[in-house]
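Just below is one structure, and these are the notes that go with it.
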There are 2 protein chains.
Amino acid sequence: MSDADLDRLFQAFADATRRDIVARVTSGEYSVSRLAEHYAMSFAAVQKHVAVLERASLVTKEKRGREQIVRAHHDGLQRARRLLDEYETIWRQRADRIAGILAEG
Amino acid sequence: MSDADLDRLFQAFADATRRDIVARVTSGEYSVSRLAEHYAMSFAAVQKHVAVLERASLVTKEKRGREQIVRAHHDGLQRARRLLDEYETIWRQRADRIAGILAEG
DNA sequence: CTATCGTACAACCAAATGGTTGTAGATGTG
DNA sequence: CACATCTACAACCATTTGGTTGTACGATAG
């Protein structure tokens, strides 16, 4: 996974509106305009947020009639989790190393 | 945890240099200038990246003589992980719900 | 004391971000 | 058909971001 991919992924999470969109489309079915009803901003603004999430592989869009259904795409979330898990592993290794040194001394 | 806190947290992760800094200071001890040696940018730029990480509660700085030691601060990482875990939970619930419907039908 | 090192911070700049309005096209409805 | 709905996208704007250089100041070394 490239640096640019990770940049897009975390950047996508770095906005409360987008996090809310992810939460909504994960548990229910929403068109772009349905999503837009919930936020105090223009339809176009919400459209842009969805586009950011799409580029980050956090959601996909599927055309249904004249609507565009936004669906959660698990890949992005899993990748983000995996990276944070790696950091956690590094942290644990450090903690173990320190514990080892204390045990020796 | 406020929206603004989460914004800062994920924003902090949304840059390859900053992710690298987090990885480095988690496993070793680095002053700001030591960190700066590793990147193709000015000392001031690295200083700014550290400041972003500090505001996101991902690192802390501690003065030691004329140096400023950058240390990983586990809180930020844990909080980010917790949020992604919540999304994962929502996802699983959805998956279970779908599986339940399929089992019925 | 003087010079150097590590840091802090201001000023500046280009590019990206997050919002707006307006226009246009495709699809469904009376 | 005529009209409303949903979406796409361009143009624009203010603010933030990620970088730069330059200046200043405390701490250490010679």
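A note on names: the letters A, B, ... follow the listed sequences, proteins ahead of strands, and every chain is numbered from 1.
The nearest whole Å value for the distance from the CD atom in A/E62 to the C1' atom in D/dT7 is 16 Å. Here C/dT7 presents its P atom at 9 Å from NZ of B/K61, a figure rounded to the nearest Å. In this structure, the CZ atom of A/F13 is 17 Å from the P atom of C/dT17, given to the nearest Å. We find that CZ of A/F10 is positioned 19 Å from C1' of D/dT17, with the value rounded to whole Å. Spacing between atom CD of A/E29 and atom C1' of D/dC6 amounts to 15 Å, rounded to whole angstrom units. Taking atom CG on A/D7 and atom C1' on D/dT17, their separation rounds to 13 Å, with Å as the unit. Following rounding to the nearest Å, B/E67 (CD) and C/dC5 (C1') show an atom-to-atom distance of 9 Å. Put simply, CG on B/L35 is 16 Å from C1' on C/dC5, counting in whole angstrom units.
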Letter per nucleotide, 5' to 3', of nucleotides 18-30 of chain D [B base touched, S only sugar-phosphate touched, - untouched; heavy atoms, 4.0 Å]: SBBB-----BB--
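Contact check on A/E29 versus A/R34 returns no salt bridge, with no Lys/Arg side-chain nitrogen under 4.0 Å from an Asp/Glu carboxylate oxygen. Using a 4.0 Å cut-off between charged side-chain N and carboxylate O, B/D5 and B/R8 make a salt bridge.
Using a 4.5 Å heavy-atom threshold, the side chains of A/Q68 and A/V50 count as separate.
Side-chain contact, A/T17 with A/D20: no donor N or O sits under 3.5 Å from an acceptor N or O.
Contact annotation: A/Q47 side-chain N/O to D/dA8 OP1/OP2 distance is under 4.0 Å. Distances shorter than 4.0 Å separate some side-chain N or O of A/S33 from OP1 or OP2 on D/dT7.
Ring-plane geometry between B/W91 and A/H74 is classed as parallel, the angle between the planes falling under 30 degrees on a 0 to 90 degree scale with a further cut at 60.
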Trace of the side chain to side chain contact (heavy atoms under 4.5 Å, CB included) decision for A/V46 with A/M41: CA-CA 7 Å; A/V46 174; A/M41 66 184 72; 3.8 Å; yes
